[in-house]
> 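Mind having a look at this structure? Questions to follow.
Protein chains get the first letters and strands the later ones, always in sequence-line order, with residue 1 at the start of each. What you are looking at is a predicted structure, and each value in this text was computed from that prediction instead of being measured.
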Amino acid sequence: MKKLLIWIGSVLCTMQSVATAEISGSVTASYSHFPHSLETSFEDDVSLELKALGHSDFSHWSIDYELVLRKSINDEGKDIIEPRELFVKRSFGDFDISVGNRQFFWGVTESKNVVDFVNQRDSAAGNSTEDKLGATSISTEFYLQDAEIQYVFMPYFRERTFNAQDAHPGLGVSLNKAMFSDHKGSMSGDHAVRYSNSFGEYDIGINGFYGTAREPILNFNNNGTATPYYPEYQALGLDVQFTGASTLYKGEFVKGYQDEIETTAYVLGFESTFYSIASSSWDIGLIGELQFDDRTQAAATRFNVGGLRFTANNASDSNFLVLYAADEAGEQLSYMGQFSHRLNNGLKLEAEYTEFYSSVRGLPFRNLIDDSYFQVSVGYYF
Amino acid sequence: MRKIYITVVTSCFLSLSTSVIASDAEGLRIATEVDVRDRGFGDTTSTMTMKLFDQYGNTTSRSIRNKTLEGSSEGDLSLVIFDTPKDVKGTAFLSHTKKAGSDDQWLYLPALKRVKRIASSNQAGPFMGSEFAYEDISSQELEKYDYKFIKMDNYNGLECYVVSYDPVEKKSGYSEQLTWIDKKEYRVQKVDYYDRKKSLLKTLTFKGYKEYKDKFWRADTYEMINHQTGKKTILEFADWTFSNGLTEKDFNKKSLKNIR
């Protein structure tokens with residue numbers, strides 16, 4: 001690890017000394033409290049995350065990086081040194097080619113992006129699907145007016161991160177080395193392609209994937225261990241957004257084969273905003289999404305998600321989000337409240353409470369009840 | 001006596017009718033002249049510091065870069081990039097203004113590497129928590145208002161036309177914008193914004209006009225005071241450059257993703 005830190009430091013110094021280079025980032029301290037924690041785990045945790053971002057331009061080519069260092073007091077699964085982005089890009093007019101670790105955002109919905117085939121989740125970072133590991137890749141992008149074609153080849157598969165076995169959420173068992181459906185394992189090579197375009201108020205994306213599924217199936221063994229298993233996955237996806245006057249209508253659809261078993265996943269939803277409530281500067285956004293996923297890895301085949309986003313439109317960009325999710329049978333529930341407020345130009349306060357509930361033994365959310373948490377974070381941005 | 005009264009009333013009515021018809025045409029002429037005199041700027045870049053003052057005197061500031069491309073058949077294209085507050089550094093707002101109907105708008109969120117198309121009906125909403133609404137900072141296309149000449153007035157030692165700008169768009173937060181335009185150079189000097197209840201909401205004043213390329217006037221300072229809340233926002237512009245060779249390719253989704 002020491003060698004890696006020295007290497008990262010020397011890379012940053014080199015980048016600063018050439019061409020147009022700039023570094024920014026953040027240091028975030030988080031305190032988490034788990035009110036329903038089991039005795040086998042901890043009730044409180046503190047973690048620190050350093051994020052350094054930079055960009056260096058060298059005429060027709062450039063280097064981008066986003067390095068994340070994270071350390072937790074009680075959860076070694078959270079500890080990570082991760083180049084979420086570290087890639088070289090060469091532009092040829094409307095054609096770009098990049099080599100290295102990259103993050104992509106594919107899709108239009110808010111609660112889940114079933115067409116986002118490329119990046120692996122950094123699930124040890126938290127529940128948010130927005131925390132991703134960099135995809136080690138060679139990628140090309142071609143632009144023609146509003147249309148964009150992306151092709152991403154990923155020669156090396158990145159496994160999902162997990163919290164420590166006694167952490168939140170912990171599996172309670174130790175993890176074995178991951179198994180892959182493809183005999184080449186993590187070196188099997190994945191291919192993803194996306195075409196996106198805008199037609200008036202409609203934004204459309206067509207996505208394809210051939211490779212290994214990002215989400216593992218956890219197989220629990222008799223010896224008190226679990227083995228993550230990554231199946232082969234081939235899929236075709238479509239995402240559509242219609243931008244109305246104050247409402248966005250969104251949909252993502254994927255039809256695929258996972259280890260030759262046909263699968264379907266989709267998310268349908270809307271996001272409607274009511275502006276200047278009661279002649280104030282506050283806006284209220286209404287979010288509703290329906291998730292369907294018949295893959296083995298899904299916590300339930302169908303989830304209904306609803307929420308409200310309150311935006312103060314003030315100098316501190318204060319906003320408050322409440323979300324509710326329930327499976328089709330109403331047997332698995334999740335409530336979340338999230339608050340964000342800028343303290344000054346460099347400091348930001350965030351707080352979140354998430355509660356999981358299920359009365360049915362064996363369902364995933366039943367096992368997550370003790371992982372319900374309150375978290376407060378203060379981030380310093382530089 | 002009765003004859004005299006009728007004559008007076010009739011003459012007042014005739015005078016008013018003539019005034020309305022004349023002032024509509026005059027209002028449009030003045031607004032068109034303002035627009036025509038700024039045509040041909042091609043493209044511009046500038047930097048901006050946005051200072052927000054609350055009613056208690058507390059101040060916060062934001063650093064922003066702007067790029068604008070003059071539209072040909074449609075409205076102007078503009079790109080706004082935030083350098084501070086530091087937690088939103090790299091966030092960018094792209095707008096394709098339409099002469100009629102809603103503008104097309106996109107937001108780039110660098111933390112997610114996401115380009116998100118957003119609904120543009122929030123014209124009356126505050127821009128980045130400031131006293132400027134989205135419709136105040138978007139391109140002021142001629143077709144977006146009905147015009148009416150009100151009077152001549154002296155403002156800051158300048159002889160000014162006072163013209164009422166009546167927003168065509170029903171989603172506008174204003175019933176009227178009373179605009180002071182100096183007669184000599186056709187520069188907007190002051191705007192009084194009236195809310196939908198026809199109460200005075202805000203006043204925008206322009207200071208430090210400079211002429212660029214012997215034709216195009218740009219103010220260094222925009223000061224917006226909200227009379228109903230006591231809050232104030234000052235925009236300080238600097239580093240104006242014209243004819244940078246920008247094209248439509250600098251205002252598309254690729255350019256958003258490559259913002260640094």
Side-chain angles (χ1 to χ4, degrees), chain A residues 20 22 24-26 51 53 55 57 62 64 66 85 89 91 93-94 96 102-105 107-108 119 130 132 141 143 145-146 148 196 198 200-201 203 241 243-248 271-273 275-276 279 281 283 311-318 342 344-348 379-382, chain B residues 50-54 58-63 83-90 101-102 104-106 108-131 133-134 171 173 195-197 226 228-229 231 233 248-249 252-255 257-260:
Chain A
T20 53
E22 53 179 272
S24 58
S26 60
K51 192 184 288 184
L53 304 97
H55 172 81
D57 252 325
S62 59
D64 286 84
E66 179 181 330
E85 293 213 302
K89 184 190 223 174
S91 288
D94 292 326
D96 296 342
R102 275 195 77 179
Q103 282 190 77
F104 297 85
F105 189 97
V108 290
N119 289 102
E130 293 170 357
K132 298 174 179 178
E141 286 147 287
Y143 298 88
Q145 293 180 330
D146 288 335
E148 179 183 359
S196 61
S198 298
E201 309 304 324
D203 291 280
Q241 175 175 312
T243 305
S246 59
T247 303
L248 309 176
E271 188 179 343
S272 193
T273 308
Y275 300 107
S276 306
S279 299
S281 64
D283 297 337
T311 308
N313 287 311
N314 57 10
S316 301
D317 281 341
S318 308
R342 184 182 302 112
N344 62 33
N345 186 26
L347 280 178
K348 190 174 180 182
Y380 169 70
Y381 292 81
F382 56 90
Chain B
M50 176 187 277
K51 292 180 178 171
L52 313 177
F53 299 81
D54 68 13
N58 300 316
T59 310
T60 52
S61 69
R62 295 164 177 198
S63 305
D83 290 327
T84 65
K86 290 172 184 171
D87 59 290
V88 294
K89 180 180 164 61
S102 299
D104 290 335
Q105 295 176 344
W106 295 264
Y108 177 64
L109 305 167
L112 306 179
K113 320 297 175 206
R114 179 179 188 182
V115 175
K116 186 176 182 180
R117 189 167 179 182
I118 55 176
S120 61
S121 67
N122 184 24
Q123 293 187 33
F127 176 70
M128 288 295 285
S130 74
E131 297 312 308
Y134 279 90
K171 294 183 185 98
D195 65 17
R196 283 291 175 189
K197 294 172 188 165
N226 188 320
Q228 297 181 4
T229 63
K231 295 180 181 175
T233 299
E248 289 185 3
K249 284 184 179 177
N252 61 16
K253 283 184 267 183
K254 179 192 177 186
S255 66
K257 285 201 278 189
N258 289 330
I259 290 293
R260 295 290 180 270

> Rounded to the nearest 0.5 Å, how far apart are OH of A/Y275 and OH of B/Y134?
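One finds 8.5 Å between OH of A/Y275 and OH of B/Y134.
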
> So, for A/G244 and B/A119, which heavy atoms are closest and what is the spacing to 0.1 Å?
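For A/G244 versus B/A119, the nearest heavy atoms are O-CB, 3.6 Å.
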
> Considering non-hydrogen atoms only, spot the tightest contact between A/L248 and B/I118 and give its length.
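Closest approach of A/L248 to B/I118: CD2-C, 4.4 Å.
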
> Among side-chain atoms of B/K253 and A/S198, is any donor-acceptor pair under 3.5 angstrom?
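Yes - a donor-acceptor pair under 3.5 Å links their side chains.
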
> Could you tell me which portion of A/K51 (side chain, backbone, both or neither) has an atom closer than 4.5 angstrom to a non-hydrogen atom of chain B?
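Looking at A/K51, nothing touches chain B.
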
> Between A/T243 and B/D104, is a side-chain contact (heavy atoms from CB on, under 4.5 Å) present by the stated rule, with each step listed?
CA-CA 9 Å; A/T243 305; B/D104 290 335; over 6 Å; no

> Side chain, backbone, both or neither: which part of B/N58 has a non-hydrogen atom closer than 4.5 Å to chain A?
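Answer is neither: B/N58 stays 4.5 Å or more from chain A.
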
> Using side-chain heavy atoms (C-beta onward) and a distance below 4.5 Å, is B/R117 in contact with A/V108?
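No, side chains not in contact.
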
> What part of B/V115 is in contact with chain A, defined as an atom under 4.5 angstrom from a non-hydrogen atom: side chain, backbone, both or neither?
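Neither part, no heavy atoms under 4.5 Å.
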
> Please look at B/L112 and chain A and tell me whether the side chain, the backbone, both or neither of the residue comes under 4.5 angstrom of a heavy atom of that chain.
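Both backbone and side chain.
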
> For A/Y381, what residues pass the ring-ring contact (aromatic ring centres under 6.0 Å, His included) criterion, not counting sequence neighbours?
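ring-ring contact (aromatic ring centres under 6.0 Å, His included) check on A/Y381 returns nothing, list empty.
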
> Can you say whether A/N345 sits under 4.5 Å from chain B via the side chain, the backbone, both, or neither, judging by heavy atoms?
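Both backbone and side chain.
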
> Counting only heavy atoms closer than 4.5 Å, note whether A/E201 contacts chain B via side chain, backbone, both or neither.
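Both parts, backbone and side chain.
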
> Quick one, B/K257 with A/Y143, criterion side-chain contact (heavy atoms from CB on, under 4.5 Å). Give me CA distance, side-chain angles, the key distance, then yes/no.
CA-CA 12 Å; B/K257 285 201 278 189; A/Y143 298 88; 3.6 Å; yes

> Considering only NZ, NE, NH1 and NH2 on the basic side and carboxylate oxygens on the acidic side, decide whether B/K116 and A/E271 come within less than 4.0 Å.
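A/E271 and B/K116: salt-bridged.
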
> Between B/K231 and chain A, with a heavy-atom cut-off of 4.5 Å, which part of the residue counts as in contact: side chain, backbone, both or neither?
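Neither the backbone nor the side chain of B/K231 comes within 4.5 Å of chain A.
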
> Indicate yes or no: at least one non-hydrogen side-chain atom of B/N252 is less than 4.5 angstrom from one of A/Q145.
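They are not in contact (no side-chain heavy atoms under 4.5 Å apart), so the answer is no.
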
> Can you tell me how far apart OG (A/S24) and CG (B/D83) are? Round to the nearest 0.5 Å.
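Answer rounded to 0.5 Å: 10.0 Å.
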
> So what's closer than 4.5 Å to chain A heavy atoms on B/R62: side chain, backbone, both or neither?
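It is the side chain, since no backbone atom gets that close.
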
> Give the intermediate values and the outcome of salt bridge (charged side-chain N to carboxylate O under 4.0 Å, His left out) for residues A/E85 and B/K113.
CA-CA 11 Å; A/E85 293 213 302; B/K113 320 297 175 206; 3.4 Å; yes

> Measure across A/D94 and B/K254 and return the closest heavy-atom pair with its distance rounded to 0.1 Å.
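Minimum heavy-atom separation between A/D94 and B/K254: CA-NZ, 4.2 Å.
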
> Do A/D96 and B/N258 touch side chain to side chain, with heavy atoms closer than 4.5 Å?
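Heavy-atom side-chain distance check passes, below 4.5 Å.
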
> Rounded at 0.5 Å granularity, tell me how far CG in B/D54 sits from CG in A/N314.
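Between B/D54 CG and A/N314 CG, I get 10.0 Å after rounding to 0.5 Å.
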
> Can you say whether A/Q241 sits under 4.5 Å from chain B via the side chain, the backbone, both, or neither, judging by heavy atoms?
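Side chain only.
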
> Counting only heavy atoms closer than 4.5 Å, note whether A/Y380 contacts chain B via side chain, backbone, both or neither.
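Neither; nothing under 4.5 Å.
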
> With only heavy atoms counted, which part of A/S246 is less than 4.5 Å from chain B, the side chain, the backbone, both or neither?
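When you check distances to chain B, atoms from both the backbone and side chain of A/S246 fall under 4.5 Å.
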
> Hey, which of B/K171, B/K86, B/R114 has the most heavy atom pairs under 4.5 Å with chain A?
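With the most close heavy-atom pairs to chain A, the winner is B/R114.
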
